[in-house]
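Working notes, beginning with the structure itself.
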There are 2 protein chains.
Amino acid sequence: MNTIEEKFLKLGIDNAPGQEVREGRGEERPADLGERLPGVAVDFSHGDVNATAFEPTPGALEAFVQGVHRGGSQAYTEYRGDAAIREKLARDLAAFSGRPVSGAEELILTPGTQSALFLAVASTVAAGDKVAIVQPDYFANRKLVEFMGAQMIPVQLDYLNGAGHAGLDLQQLESAFEQGAKVFLFSNPNNPTGAVYARSEIEQIAALAERFGATVIVDQLYSRLLYAGEPYVHLRGSSVAADNVVTIMGPSKTESLSGYRLGVAFGSPRILQRMEKLQAIVSLRAPGYCQAVLQTWFSEPAGWLAERIDKHQRIRDALLSVFRGIEGVAVRTPQAGSYLFPRLPELRTPLPAFVRALRLQANVTVTPGTEFSPHAGDSIRLNFSQNHEAAVAAVERIAAMVEKHRIS
Amino acid sequence: MNTIEEKFLKLGIDNAPGQEVREGRGEERPADLGERLPGVAVDFSHGDVNATAFEPTPGALEAFVQGVHRGGSQAYTEYRGDAAIREKLARDLAAFSGRPVSGAEELILTPGTQSALFLAVASTVAAGDKVAIVQPDYFANRKLVEFMGAQMIPVQLDYLNGAGHAGLDLQQLESAFEQGAKVFLFSNPNNPTGAVYARSEIEQIAALAERFGATVIVDQLYSRLLYAGEPYVHLRGSSVAADNVVTIMGPSKTESLSGYRLGVAFGSPRILQRMEKLQAIVSLRAPGYCQAVLQTWFSEPAGWLAERIDKHQRIRDALLSVFRGIEGVAVRTPQAGSYLFPRLPELRTPLPAFVRALRLQANVTVTPGTEFSPHAGDSIRLNFSQNHEAAVAAVERIAAMVEKHRIS
């Protein structure tokens, strides 16, 4: 077996969010499938951007159409994106993150946040390197590290016991750096748990990275969807060595603009320059006309963001209430974002089969916890950016299914 | 110096098409700049998609807007793209290429043709591998191979002497395979020369690949823009080992849809499956709403393509006539596509300075030949998908500049 084959053997996507339809091709209804639980289908693997749930930001399509009419200058931007849009976003992201951003040197537009993540990792991690990765965290982080031929050093997040902090094991992080990790990659708020790192945790991450000369890539995709009264500390505002920090964001979640494939990375000019070079051979640029939609980002109508957060908070609380009514479920209250990551009680059905039964029998799609951590085989992730009533009914069906499969 | 730094040192983009604006930041007008040659600015580094030149396919924007209104199902497609759109394109691409295509297993939608190329190379080439690359050919081919840590084995294209064929040195290709090249990557029509490979060349490429068990990636981006009376042979129609061929196309050139970032790759299910796995961590998917625009591809209004080809042919012939009026210029008549790659007479100014003078003094942007081959330091590439009159006037200014810089 040669190297390229080995490389791809590790890169499974069958259980990745959104791929259920593909997994389902030719899928036969199991003979032993129990009675169906009726209800509106809910796909918790990603947010619902339809009119009955959370539509894209007002004005997004209009900005796109204006971009098309602008013609060639919008279709063929620099590889790192349209200069005027970068200047606008640099101001917004500086205000948001509390540290100046140069639109010319410290910001790149990418085809989605996933691309920003790929470019950041590929620009800092070479084969044989060591990278510290949180468990649980966004499923692609681990796959990116493996694909680069690098070695992952896991750092546990004790999210179920983290009152007032996310629960990162900072001793494990220090140990990872001592073992030679050059890069630390993590999401804040954490995907899948919604945990937000406390000031003390961010400051210690920054201090450790500074001490060991390590690069930190922080995926802040959900950092705008912050619930009432929750503090949020930007790593780039705390870090001494700004040249070693790259922050990743995008308008695909809170703003429901995923269909336009837009992301940004900002920070270290040295790493950003590499990312631009790499983007030139990976995808050339973020979709030109779509870039124009970024003019609506951080410029939403007054009150729009507050209302969107409030609606999510009410769904969050309703779903938490159903989950906490299930005996043996443990679930953290997310401080930001739209993910829930409940730990289920012990079931007599293995997780993959239970997740499949949820889909086929209860019309509910969730993502198995094993996508996020090898230690989360008892957990499921839900993106609750959904229609409120449909989501509550779907979680009630999950509760009923847990009872059916519970070890009695 | 560590590996990642070395890797990026090789990955220059300063002279890449479309990056001139960035190179120009802070650029001072040279003191010795001669008199300006007045005229409408023409940027030959890429096609002009404005109304005065070649606008996007009719109905493209309408298809996009319908995609937005379709909502979540269009925003969140499978990683390899919307199933119904893949089925439609599979039929069209089968008819176009003369060999069946399975929409389910043999086709992937990507964010631009560049992404298709990246995914195909990254799915077949590992560090230490050898890859046969044509000189001259699309500038990213070489960079992709280098970025994978693979070794390029050049194969020369004698495009200036290729009457009735492209001019590939098939003995060099055979030798490359003998030396262990596992992959052969080339564009047909050739970028930058517009040469189309003859049936005999395609059949010999297929036979050699078959004999050595090598994979062939063929970039057919411009294969629809075929001039009157020119034959075109699809490698995938000739190749015995269909599992070793990936064809790449997209609607960004002939159809002027570059602003939507759309490409496709089709062929070997084994390689396509890897490409999908990789796309999951590189960009997730082609922009969801943009995918809807592919419904217009191969379904343009009657006569639209013929008219577009005819207009390009007339520009091609007008520019060739100006170039051939310059003493010492050699240029191949492109059989397809919208590139011209004239070899200039000997100048007293090195090519980079001459290209810069063209831009600053004559308002004409071209791409230096060295982006395509180390042996093309005397050539420039022009994308002539431009306003007819402006393009002719710009090439007349190039002619005047050649006279100013000619070794007398």
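Below, read A as the first sequence line, B as the second, and so on, with proteins coming before strands; counting in each chain starts at 1. These figures come from a predicted structure and were not determined experimentally.
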Heavy-atom distance under 4.5 Å to chain B: side chain of [X], backbone, both or neither?
{"X": "A:F8", "answer": "both"}
{"X": "A:A83", "answer": "neither"}
{"X": "A:T124", "answer": "backbone"}

Based on non-hydrogen pairs under 4.5 Å, which of [options] is most in contact with chain B?
{"options": "A:S258, A:A53, A:A116, A:G263", "result": "A:S258"}
{"options": "A:N141, A:V49, A:V65, A:V121", "result": "A:V49"}
{"options": "A:L117, A:N50, A:V68", "result": "A:N50"}

For chain A, find which of [options] contributes the most heavy-atom pairs closer than 4.5 angstrom.
{"options": "B:A122, B:P56, B:S256", "result": "B:A122"}
{"options": "B:G259, B:P287, B:G288", "result": "B:G259"}
{"options": "B:A75, B:S283, B:G128", "result": "B:S283"}
{"options": "B:G149, B:S123, B:A126", "result": "B:S123"}

Work out which heavy atom in [X] is nearest to a heavy atom in [Y]; give both atom names and the distance.
{"X": "A:C290", "Y": "B:C290", "answer": "SG-SG, 3.8 Å"}
{"X": "A:I281", "Y": "B:K143", "answer": "CG2-CB, 3.8 Å"}
{"X": "B:K182", "Y": "A:I4", "answer": "NZ-CG2, 4.1 Å"}

query = Should the ring pair B:F118 and A:F118 be called parallel, tilted or perpendicular, given that the plane angle runs from 0 to 90° and is split at 30 and 60?
reply =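 Taking A:F118 first and then B:F118, their aromatic rings stand perpendicular (interplane angle over 60°).
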
With a 4.5 angstrom heavy-atom cut-off, is it the side chain or the backbone of [X] that approaches chain A, or both, or neither?
{"X": "B:T113", "value": "neither"}
{"X": "B:V282", "value": "both"}
{"X": "B:L61", "value": "side chain"}
{"X": "B:S252", "value": "backbone"}
{"X": "B:Y289", "value": "both"}

request  = Measure the CZ-CZ distance between B:R261 and A:R285 for me, rounded to the nearest 0.5 Å.
outcome  =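 Between B:R261 CZ and A:R285 CZ, I get 5.5 Å after rounding to 0.5 Å.
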
ask   = Do B:E5 and A:R274 have side-chain heavy atoms sitting under 4.5 Å apart?
value =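 The answer is yes, as the side chains (C-beta and beyond) meet within the 4.5 Å cut-off.
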
